[in-house]
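Have a look at the structure below before the remarks.
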Number of protein chains: 4
Amino acid sequence: MTGDGPRERILAAAVRCAARNGVQRFSLEDVANEADLSRATFYRQFPGGRDQLVQEAATWEVARFWAKVAEGVEAEATLEDRLTVGIVTGAELIRQSPIMANLGEDEVAELATALRPSEPLVHEVIRSYLRNLLAREDRAGRLRPGTDVAEASDYLTRMVLSVLSAPVGRDLTDEAAVRELVRTQFVGGIVTG
Amino acid sequence: MTGDGPRERILAAAVRCAARNGVQRFSLEDVANEADLSRATFYRQFPGGRDQLVQEAATWEVARFWAKVAEGVEAEATLEDRLTVGIVTGAELIRQSPIMANLGEDEVAELATALRPSEPLVHEVIRSYLRNLLAREDRAGRLRPGTDVAEASDYLTRMVLSVLSAPVGRDLTDEAAVRELVRTQFVGGIVTG
Amino acid sequence: MTGDGPRERILAAAVRCAARNGVQRFSLEDVANEADLSRATFYRQFPGGRDQLVQEAATWEVARFWAKVAEGVEAEATLEDRLTVGIVTGAELIRQSPIMANLGEDEVAELATALRPSEPLVHEVIRSYLRNLLAREDRAGRLRPGTDVAEASDYLTRMVLSVLSAPVGRDLTDEAAVRELVRTQFVGGIVTG
Amino acid sequence: MTGDGPRERILAAAVRCAARNGVQRFSLEDVANEADLSRATFYRQFPGGRDQLVQEAATWEVARFWAKVAEGVEAEATLEDRLTVGIVTGAELIRQSPIMANLGEDEVAELATALRPSEPLVHEVIRSYLRNLLAREDRAGRLRPGTDVAEASDYLTRMVLSVLSAPVGRDLTDEAAVRELVRTQFVGGIVTG
DNA sequence: CACTAAACGAGACGGTACGTCCCGTCTTGAA
DNA sequence: TTCAAGACGGGACGTACCGTCTCGTTTAGTG
């Protein structure tokens, strides 16, 4: 885990430090210690200093998050299954994330901030992914006639991201409830059956 | 504008400083100068220091944002009109916001972070507002039969917030395009007509 | 004790605060609280502010110190007795002083500093006092012939002050030892015996 | 003069600042500027902060004072000469000291306070120095029979320090008068001749 | 195998900002 | 009018980081 070269070591260390102290609180000293290298070496890897680190660490962690979600969804067959399992898996990952644990509302927000720049990218990736799924469903004749795949994928992307980032009242760990939500609200107007 | 008592003066000054230097960059010295009072007085008003200031200034600015949107929407008659005008107005406010101007992607993210804690609250407020609108439409018999007002308001809230916070490819200043989006994607399955 | 008018109350409070926190450490807030009056009133009594307070409190406390020594010495008959008892009494007062208690070497020094300005005055008072004593001894024919009373009083003053302010190795609470010191070193060349 | 390493530079700067503004008045900012380094570096050299600085600067300056006196006295042959020249030299140094110049009575006192902790040490050093001188005189057969060298050195130390720190009425720049004082009051009962 | 060059650890430094504390001044309100 | 209560500007303090720099030292690659 720590043998992945200095950059990965630093990114992982930064995520651990952020999990402990909050995003705005950790010091580069901490990160360097956690990554078992000197502050000088850190600046050689990240000439942009702290800003660059936070930025890259956030996108790196986001990528890992979605990679795990994708992995958890791989085996599912239908669109409904993938959405349902994806949301539940994602919610669980967020809940278990060491960053989320023992962190106040503020800290969560701080982290979320760093995540923002990668949001358009994420949006694009998820939408592209869902577009492929929809196209497959379309070829299988399971989409309602007249469904615009591009619009539908955008719509699904927004709903998934919205629900994951702000569950508001919903319990996303309850798979049955999530499935119901997905069926009625997400794919109701899209998929036949 | 500056005669609103020390708290308001400080909050407004903080927003101006954030607009100039970015959220993480402005110093309390700057804010104090901008608000024409001493740093000591600032700490008397905000014992929580910088964190408290950022937090309160963000929610204060968010409240002003939505107040303006609400004001801009007041005169509109139908749900579709309100949504359309609200989105266009909000997008325009965001675009014109001095905070968004000449700010890198990073800076925007930093500010967004501070906005996050108020997001559940915002979600709730918007949803409640839309629920009232939908109920009115329902009483007027303009909703499709079988529409669940609670679900529909949650859904609309998510779409509005999602589109405003991440327009992705859409040009939200184009009212016709927004109206088309609202009609087909937002209220298509809800409102008759 | 606290009904002696605002000035005395403040001076006494200042001495108590200095005893607790050290001379440089106590705040005017503390002194005002201790004296049961407001900081505003303090500034009416001591327009010179903190400096004036420290100065006056120091000289006030020094005056009290020497008054007590004088009182303790009153009953003694001979010069040797008065010097001996005076030194022992003074040393005891210094030792018991709340200012000296639980104070580091530094704190003692801080207080001593404030005492310095009054030193020439003290010197003069002690010398004048001793000169009178010596003159009495002279009239009684107990001085060595050729003794210059002025020079002798200056000399005794210096030795007394030096020993009290810097006992170095001597135990000033041991009356016998002090008496021996006084006899051999202080009055040996002056008084016949 | 300023190439002696950071500590010496800081100490010298502190003495200069104290000479200008008084001991309690100078700020660490001033000292850092005067020493041509940053406040941060100052705190790296003196983790004890201002207290440690004042303490060390005072003892450092005291050491320099006595070193100069010792140097000025080196060439003198007899005890009487050394005491006389030492007192005159010391008085001159004090008079010329930038710290003493244009300083109120108060400021002198403040500085004296910081000097106090080193007083026992000074006492010891001077006494030891004088003890050696007396022992030499003793070996040369110039001491009165029955003279206790230890007692005599303590006595001389007290007189020298007392006269230097509180000349009271005496003009210590008048070498003849000082010599007369030394002969009659200091060494009169000790040295033969 | 020796030698050079790049990477690294360690640490000092200037600078900036923070949060705290206190002083001296001023205003306001109550006795 | 006098005083208590308290806000304010100003300034210093001690702390914590950041970003830069300079040293030796270690490691790796090359002749």
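In the text below, chain A, chain B and the rest are named by the order of the sequence lines, each starting its count at 1. The basis for the numbers below is simple: all heavy atoms, side chains too, and nothing from hydrogens, waters or symmetry mates.
- A search for side-chain contact (heavy atoms from CB on, under 4.5 Å) contacts involving D:A14 returns D:V31, D:L53, D:A57, not counting sequence neighbours.
- Looking at residues two or more places apart in sequence or on another chain, you find a side-chain contact (heavy atoms from CB on, under 4.5 Å) between B:E29 and B:S27, B:N33, B:R39.
- B:A63 meets the side-chain contact (heavy atoms from CB on, under 4.5 Å) test with no other residue; sequence neighbours excluded.
- Remark: D:R39 in residues 31-40 of chain D come within less than 4.0 Å of DNA chain F through at least one heavy atom.
- Rounded to an integer number of Å, the gap from CG of D:D51 to C1' of F:dA12 is 14 Å.
- A straight line from CG of D:L28 to P of F:dC13 spans 4 Å, rounded to a whole angstrom.
- C:D30 has its CG atom 7 Å from the P atom of E:dC22, to the nearest Å.
- Rounded to whole Å, atom P of F:dT15 lies 16 Å from atom CD of D:E29.
- Between the CG atom of B:L53 and the C1' atom of E:dG19 there is a distance of 14 Å, given to the nearest Å.
- Cation-pi contact between C:R64 and C:W66: absent, since separation from the ring centre below 6.0 Å together with deviation from the ring axis within 45° is not met.
- The 5' end of DNA chain F is approached more closely, in terms of each residue's nearest nucleotide, by B:Q45 than by the other of B:Q45 and D:G48.
- If A:S27 and D:S27 are placed on DNA chain F by their nearest nucleotide, the residue sitting closer to the 5' end is D:S27.
- Among residues two or more places apart in sequence or in another chain, the side-chain contact (heavy atoms from CB on, under 4.5 Å) test is passed with C:R44 by C:A40, C:T41.
- D:R7 places its CZ atom 13 Å from the P atom of E:dA12, with the value rounded to the nearest Å.
- By the 4.0 Å N-to-carboxylate-O rule, D:R25 lies close enough to C:D51 to be salt-bridged with it.
- Closest to the side chain of D:R44, out of E:dG14, F:dT22, E:dC23, is E:dG14.
- The B:Y43 side chain lies nearest to E:dT20 when the options are E:dT20, F:dG19, E:dG24.
- Summarising the geometry, the separation between CZ on A:F26 and C1' on F:dA16 is reported as 15 Å, rounded to the nearest angstrom.
- DNA chain E is contacted by both D:P6 and B:G49; D:P6 maps to the nucleotide lying nearer its 5′ end (nearest heavy atom per residue).
- Partners of D:Q45 under the side-chain hydrogen bond (donor to acceptor under 3.5 Å, both in side chains) rule, at least two apart in sequence or in another chain, do not exist in this structure.
- Whole-Å rounding puts the D:R50 CZ to E:dC22 C1' distance at 13 Å.
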